[in-house]
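The next block holds one structure in the form of structure tokens; read it before the comments.
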Amino acid sequence: MIAQFHIFGPLIVVVMSGSVAFESLVLGEVSSAKIGYMPQRAYQIQSGLANVAIAITALLVFVLGWGRYAQAAIVLVMLIFFRCLGKTMF
């Protein structure tokens, strides 16, 4: 189980946070219009940069071998960020 988390934990964080960052930074106005929200470019940039930071940190945690506690911490940070993001949008 720990060996699986060692691979999938950081990988999932990089994919999820990276895709959200791409959507926020590159597709900002189009993506917000598609789901019916008013485009708030400043908030989208801030959220996108936070997700870039989370994705880069997850990649560093994996590459530099910081251990399972660092991997668990970065997964928790991503999950908490997505949970708080969901509360502010609805």
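Bear in mind that the values here come from a model prediction, so they are computed numbers and not experimental data.
Every side-chain contact (heavy atoms from CB on, under 4.5 Å) that Leu25 has, sequence neighbours left out, goes to Ile45, Leu49, Val52.
Heavy-atom minimum distance, Ala58 versus Pro10: O-CB, 3.8 Å. Heavy atoms only, all atoms of each residue included: Met78 and Ile54 are closest at CB-CG2, 4.2 Å. Of all heavy-atom pairs between Gly67 and Val61, the closest is O-CG1, 4.5 Å. Looking at every heavy atom in both residues, Ala21 comes nearest to Asn51 through CB-CB, 3.8 Å.
Checked by atom type and distance alone, the side chain of Ser19 pairs as donor or acceptor with a backbone atom of Met16 at under 3.5 Å.
For the atom pair CZ of Phe81 and OG of Ser17, the computed distance is 8.0 Å after rounding to the nearest 0.5 Å. The CD1 atom of Ile74 sits 9.5 Å away from atom CG of Leu60, with the distance rounded to the nearest 0.5 Å. The distance from the CD1 atom of Ile7 to the CD1 atom of Ile12 is 11.5 Å, given to the nearest 0.5 Å.
Each of Leu76 and Phe82 belongs to its own hydrophobic cluster when Ile, Leu, Val, Met, Phe, Trp and Tyr are linked at side-chain heavy-atom distances under 4.5 angstrom. Residues Val14 and Val63 share a hydrophobic cluster, clusters being chains of Ile/Leu/Val/Met/Phe/Trp/Tyr side chains in contact below 4.5 Å. Under the 4.5 Å side-chain heavy-atom criterion for Ile, Leu, Val, Met, Phe, Trp and Tyr, Val77 and Leu79 are members of the same hydrophobic cluster.
Listed by first and then second residue, the side chain to side chain donor-acceptor pair (under 3.5 Å) pairs that reach into residues 56-68 come to none, sequence neighbours excluded.
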